[in-house]
Amino acid sequence: MNLLKDKYIIVEVIPTSSDSKKGIIAQLSALKLDGIKLIDRFDYRIDEKLVNNNDLLEMISYDKDNFKYTDNPDLILSEFKKWSGDLPIMLIEKDYTKEYLASLNNKMELVYPYLEVEYNYGVFNTIMNKYQIEASNYLVDIIYEAIILESNNEKVNNE
């Protein structure tokens, strides 16, 4: 895929459990891109009353007015399916995200090889240091900014 020319989606899933059989999606943020042009964004959260973990509630308590909320755990994924269509999905987490998105038929792959960084626990610190990016609550925005900055070097294509 060529991240400078193709249409694709960057997605971040924040679940209530790393095991998709035991949890639900607490938050899903995604950016739909055409090359480095932002087409649309998707920001959904589950109602707070369905999250029984105070640390998780604190983690997803930012920018409350920017999210759509639902008390139906299945609605987030069904709305995301409609929104994403058949576009390829660039993942920012390699294990549980695929499990939570398993019902989608979209091609999915990690975004990090396109940025020439290795996936690990501290990958966002590595990216922010590499590109001199300020921290953000939206990890998809950090990746998007890195892709824009990397596009100056035209290394984000993998033809």
task: Search all heavy atoms of Gln27 against all heavy atoms of Ser29 and return the closest pair with its distance.
output: NE2-OG, 3.7 Å
- prompt: Nearest heavy-atom pair of Tyr8 and Ile10: which atoms, and what distance?
  reply: CE1-CG1, 4.1 Å
field: Least distance between heavy atoms, Glu134 atom then Ile142 atom
entry: O-CG1, 4.4 Å
message: If I compare all heavy atoms of Ile76 with all of Arg45, which pair ends up nearest, and what's the gap?
response: CD1-C, 3.7 Å
field: Any side-chain heavy-atom pair of Ile148 and Glu150 under 4.5 Å
entry: no
Side-chain touch Leu31/Asp40, heavy atoms, less than 4.5 angstrom: no
- request: Could you name each residue pair satisfying ring pair (Phe, Tyr, Trp, His ring centres under 6.0 Å) that touches residues 73-92, not counting sequence neighbours?
  value: Phe42-Phe80, Phe42-Trp83, Phe80-Trp83
query: Are side-chain heavy atoms of Met1 and Met90 found at a separation under 4.5 Å?
result: yes
- line: Heavy-atom closest pair (Pro15 atom, Val13 atom, distance to 0.1 Å) is CD-O, 3.5 Å
- request: Taking the side chain as every heavy atom from C-beta outward, state whether Asp6 and Leu33 have any pair of such atoms under 4.5 Å apart.
  value: no
message: We want to know whether Tyr112 and Glu118 form a side-chain donor-acceptor pair, criterion being a heavy-atom distance below 3.5 angstrom.
response: no
statement: Of all heavy-atom pairs linking Pro88 and Lys7, the shortest is CD-O, 3.5 Å
task: Show your working on ring pair (Phe, Tyr, Trp, His ring centres under 6.0 Å) between Tyr44 and Tyr69 and close with a plain yes or no.
output: CA-CA 6 Å; Tyr44 265 79; Tyr69 288 83; 9.0 Å; no
message: Looking only at the side chains, is there a donor atom on one of Lys32 and Ser84 sitting less than 3.5 Å from an acceptor on the other?
response: no
- prompt: Considering the options Tyr62, Phe124, Tyr144, which one meets the ring pair (Phe, Tyr, Trp, His ring centres under 6.0 Å) requirement together with Tyr138?
  reply: Tyr62
